[in-house]
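Here the structure comes first, spelled out in structure tokens, and everything after it is commentary.
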Amino acid sequence: MNESVSRRRFLSRGVTGLSAVWASAHWPALLAAATHAHQAAKSAAPPKFEFFTPEEAKEIDAITSRIIPTDDTPGAHEAGVVYFIDRGLTTFGVDDQKTYREGLPELQARVTEVFQGKSKFSELTPEQQDEVLHSFDEESPKGRQRRFRTSPGAQNFFETLRQHTIAGFLIDPDYGGNHDAAGWKVIGREREHMFQPPFGYYDKGYPGWEVAAKADMKEAEKK
Amino acid sequence: MNVDQPKYKTSDEVDFVIIGSGAAGGVLAKELSTNGFRVVVLEQGPYLTEADFTHNEIEVLAMDKLTNHPKLQPTTVRKTPDEKAKPQRALVYGRCVGGTSVHFTANFWRFHEIDFVERSKVGTIPGSTLTDWPITYADLEPYYTKVEWEIGVSGLAGASPFDPPRSKPYPMPPLAVKSSGVLFERAARKLGWHPFPAPMAILSQPRPGRSACVQCGYCLGFGCEVGAKSSSLAAAIPVAERTGRCEIRPNSYVYKIELDANGRATGALYFDEKRNTHLQKAKAVVVCANGAETPRLLLLSANKQFPDGLANSSGLVGKNLMFNSGGTVTGVYEHPLNDYKGYCVSRVLHDFYELDHEKVGFYGGGGLDARYDFTPITFAFGGVPPETPRWGKDFKAALAHNFTRTMEIFCHGTSLPVENNSFSLDPDLKDAWGLPALRLTYKDHPDDLKLSSWLFERAHAIHEAAAAVKKWSFPPQEQQFGVHLLGTCRMGQDAKTSVINADHRTHDVKNLFLCDGSSLVTSGRGQPTMTIMALAFRAADRIIALAKRGEISA
């Protein structure tokens, strides 16, 4: 593992107790805005972009589709992540609009810089798209090896978009993203919010505390 | 929220004003009002109820719906007193009626005998101000039992050979075991250790007005929508409200305790929701604002008589802060555990609660538990193996494979008290009300880090014995962020070396009492809320006795 990556991870995870929830997530302030998409998400009207132009939406959708790609299971595209982000930015995320407004043109400029004759991210092959994104990702070892100028703005844009994509893919579908619970299907989380034991493979057939304790002790005695 | 609760005028001198409605404040409100006293509880946060609680990770975790907000209440952080502190988030605590007991995991161990007398047992520890409590485990035992029965704790008495003596069994059986608990239990026994069903402040059986746990999986960080989590909000405040003598006044941010010329507290000055200021008069003041805000309030209340802060003749207000040491060792297993379902912790291990410091080479001890405290989003940010790419095909594959197959072993340990570790007032930074912000100074005692590493090795051994496919941890590091806020107004007999006496009365102001994490003399081995609630029950008994003898208002 690249040393600086391990350091970053280490900082984000080497905390205890409750703090793990807040510190491990590194919630960006801008992410908070997206929650206000909640109401918008509940409306029955067909999705319509309010912040992005259709062209921009196509680019954002293409980027989110590399962050969580579609393979034999749904990805960010099927989960409607671009709609989640759009709604977040048009409700309370006014402060975050700048990151997108400035970041997206920078990304397109990078596309032209790397792949002459191309002007749009969405026109590239998936491999080319990944190459562009690695150059933006300050934590990516591949990004580090490239000689492109680093731009904090673009990096911030990519990191913001990465986190928004994850949130839009995995949030409870009731709160404005994760369309049709696509993200939860991928990770194996059932849609319900009430469960009964047995919960998983290992607690199936658990005989109860006293019986389990006795059985384990007998086994230990045999040895 | 009970609409029949009284509305006291601020000019009406009530018997007690309690500042903070969390684990301690809620219990004190219940005890004092049920014993006939007129009580006003000032809570800085809103009055949220079960209907307000959701599973919205962004709203609850990222927007701090239940907790102190870093923008409104910024903090600064440094390691030692000679550094200038930098703006950085230092702590999280509950900022709503019920306080941190609303969103905590609800692990509910009692402290053991050793926690109260460790200094006498181990002697002086270089670099630490470790000292004995003025009370013992035996003094607190009846109150632990009271918490279990009145607030609601599930567990199995006698299951751990290391448990301290108890006068009564638990009022209800432990919750159903999870896959993480079964793996942990079997592996630990293989290693010759003694795992036991976790005592939890979560109902395994319904109680009047409260449901048993429905296993939704959103304990840590979230409020319980069915009242199964034994928070002050669910278990204590409704009882206080039903007396008709207790008013819970939310959105009331106390900034000063007022004193008269004789050095007696006369009430609490606070901002209401619209930032108008009021003085709630009271015969006595009980501060239960947590281990950060209680010392801050005393320091903010400095006056001519107490230029270094109210009740601070010892100079120890805010000092000897302890966060508890520890961390997690994560493991991935062959089959799905589905540990996202249900409450966090089902099995605990106390074999290492008391360690022989000459053998291990450091002071302290700890406990281990099997848990899963992720939501889908927090798992994606912090639950996948460290070498996983941060995005793309392999990232998605790791999420898909690991979300249901992961469990953590959490190591909880002592923090040795160090006088420099503290909460104080930042000289420059202000909060949104214009009050000096909290400044954290913290550098773990070296033994705390050694202890964490030692416990991590045992946690790795359990994963190994449980046949984990993969496991990892990060080296323990010095903490700059805390949620257990302990020791900052410590209890003691000597007014020179402590802030409150064993009755929770400040040595300096006769009708001023403090009770919360700040009262603790040692950190225990994590899980302080049970002890904070037990102390609150005991403090109430002491305060009621003093009041009945006329020793408070006299």
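Nothing here was measured: the structure is a model prediction, and the numbers come from that model. Just so we're on the same page: letters track the sequence lines, and every chain starts at 1.
Between A:Lys204 and B:Ser179, the side chains place no donor N or O within less than 3.5 Å of an acceptor N or O (distance only, hydrogens not considered).
Contact between B:Phe395 and A:Ile67 at its shortest, heavy atoms only, is CD2-O, 4.2 Å. When all heavy atoms of B:Lys393 and A:Asp71 are compared, the pair lying nearest together is CG-OD2, 4.4 Å.
Between chain B and the residues A:Ile166, A:Asp172, A:Asn178, the largest count of heavy-atom pairs under 4.5 Å involves A:Ile166. Per-residue heavy-atom pair counts under 4.5 Å with chain A were compared for B:Ser452, B:Gly392, B:Gly342, B:Pro336, and the maximum is reached by B:Gly392. Annotation: maximal heavy-atom pairing with chain A below 4.5 Å, among B:Glu225, B:Glu334, B:Lys341, occurs at B:Lys341. Across B:Glu185, B:His401, B:Lys396, B:His412, the residue that shares the most heavy-atom pairs under 4.5 angstrom with chain A is B:Lys396.
Only the backbone of B:Pro195 comes within less than 4.5 Å of a heavy atom in chain A; its side chain stays farther off. Neither the backbone nor the side chain of B:Phe379 comes within contact range of chain A; no heavy atom of the residue lies under 4.5 Å from a heavy atom of that chain. Only the side chain of B:Leu156 comes within contact range of chain A, with heavy atoms under 4.5 Å apart.
Of the residues listed (A:Tyr202, A:Tyr206, A:Phe199), the one engaging B:Val177 in a side-chain contact (heavy atoms from CB on, under 4.5 Å) is A:Tyr206, and it is the only one.
Note: A:Phe195 and B:Tyr340 have perpendicular aromatic rings, judged against thresholds of 30 and 60 degrees for the angle between ring planes. Using bins of under 30°, 30° to 60° and over 60° for the plane-to-plane angle, the ring pair B:Trp391/A:His134 lands in the tilted bin.
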